[in-house]
Structure formats: C-alpha cells, structure tokens
Amino acid sequence: MLQTVRQWIEQMITFLQDLPGGAATGLIAPFLESLFPFLPLVLIISANAATYGFWMGVLVSWVGSMLGSLVVFACIRYLFRRPVTRWLEQHKAAQQWIERVRHMSPISLGFSFLFRSCRRSSLQPSPP
C-alpha cells in the first residue's frame with residue numbers, strides 16, 4: 001500500500017513538473033479538489049510540496065483550495081439558495097428541524113457534532 005502511494009506521488013510530481021505554466025498548474029489540482037471532495041487532498045498537497053518546494057507548494061495548494069472554496073460558496077449562495085429555500089418552505093418536517101437547530105446555542109450545537117460518532121453500545125455499561 002505504501003509503495004503504491006509513493007509511486008502515485010512520484011507520478012504526480014513528474015506530471016506536474018512536465019506541465020507548462022509553472023505554479024498555475026499546481027493551483028488547478030486543489031481547486032478541483034474543492035469542487036470534487038473525493039479527490040485526495042493530502043496527496044495533492046504532498047505532490048505540490050515536493051514539486052515546488054515545501055513553502056511554495058503549501059502556499060500554491062492553499063491558494064488553489066481557497067479559490068475553489070470561494071467558487072463553491074458563491075455557487076451555493078447565489079445559484080442554489082432560492083430553490084433550496086423554496087423546497088424547505090414546502091416541507092413541514094424541514095421547518096421543524098430548522099427551528100430546533102435555530103434555538104440551540106452554538107456550544108450545544110458544537111457538542112452535538114462532537115459526540116455524533118459515539119455508538120450507543122459504547123455508552124451502555126459492560127456486563128459483569
């Protein structure tokens with residue numbers, strides 16, 4: 001497994017080095033990862049850091065990721081806001097859920113996300 005990851009990173013490094021455009025090509029991979037989250041961001045950042053040097057690679061990856069995040073935010077805010085709002089207004093269960101969340105404090109909301117991975121079986125006492 002480790003060998004295949006290392007080979008993949010080496011292939012990505014050679015691919016990035018062979019592309020024309022310099023650091024601009026390193027922006028494209030994290031930008032696409034923001035749009036398609038199933039892409040491996042750690043490997044993309046590692047390849048950028050190995051290709052352009054640590055600080056420049058991390059900076060290029062960060063800028064690409066931020067630009068992609070801004071595009072996703074703008075799309076959701078300006079393109080999908082009205083249709084989703086209309087859909088939520090039509091469904092009573094969604095409105096009830098939103099009201100429940102709206103009345104929660106930020107601390108209790110944070111704790112609900114923190115403990116969501118706890119299994120019910122792990123909370124029950126073990127048998128004697």
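The model shown is predicted, which means the values in this text are computed figures rather than measured ones.
Under a hydrophobic-cluster definition in which Ile, Leu, Val, Met, Phe, Trp and Tyr are linked whenever side-chain heavy atoms come within less than 4.5 Å, directly or via other members, Ile76 and Met66 are assigned to the same cluster. Connection of Leu32 to Phe38 is established within a shared hydrophobic cluster, with ILVMFWY side chains joined at heavy-atom distances below 4.5 Å, either directly or through further cluster members. Leu39 and Val72 fall within a single hydrophobic cluster, where Ile, Leu, Val, Met, Phe, Trp and Tyr are joined by side-chain heavy atoms under 4.5 Å apart, directly or via other members. In terms of hydrophobic clustering, with Ile, Leu, Val, Met, Phe, Trp and Tyr side chains grouped at heavy-atom distances under 4.5 Å, Leu35 and Tyr78 are assigned to different clusters. When hydrophobic clusters are built by joining Ile, Leu, Val, Met, Phe, Trp and Tyr residues whose side-chain heavy atoms come closer than 4.5 Å, directly or via intermediates, Leu27 is grouped together with Leu59.
Nearest heavy-atom pair, Ile44 versus Glu33, reported as atom, atom and distance to 0.1 Å: CD1-CB, 4.2 Å. Heavy atoms only, all atoms of each residue included: Gln95 and Leu88 are closest at CG-O, 3.4 Å. Closest approach of Gly64 and Ser34 over heavy atoms only: O-OG, 4.4 Å. Contact record, Ser65 with Pro30: N-CB, 3.7 Å, taken as the closest heavy-atom pair. Considering every non-hydrogen atom in both Gly57 and Tyr52, the closest pair reads N-CB, 4.0 Å. Between Gly26 and Asn48 the shortest heavy-atom distance is O-ND2, 3.1 Å.
Residues Trp62 and Ile45 have side chains not in contact (no heavy-atom distance under 4.5 Å, counting atoms from C-beta outward). By the 4.5 Å heavy-atom criterion applied to side chains, Arg6 and Glu10 are counted as neighbours.
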request  = Using the side-chain contact (heavy atoms from CB on, under 4.5 Å) rule, take Val71 and Phe31 through it: C-alpha gap first, then chi angles, then the decisive distance, then the call.
outcome  = CA-CA 9 Å; Val71 168; Phe31 180 83; 3.8 Å; yes
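Atom CZ of Phe80 and atom OG1 of Thr85 lie 12.5 Å apart (nearest 0.5 Å).
Proximity of a side-chain donor or acceptor of Thr51 to a complementary backbone N or O of Ala47 within less than 3.5 Å is detected.
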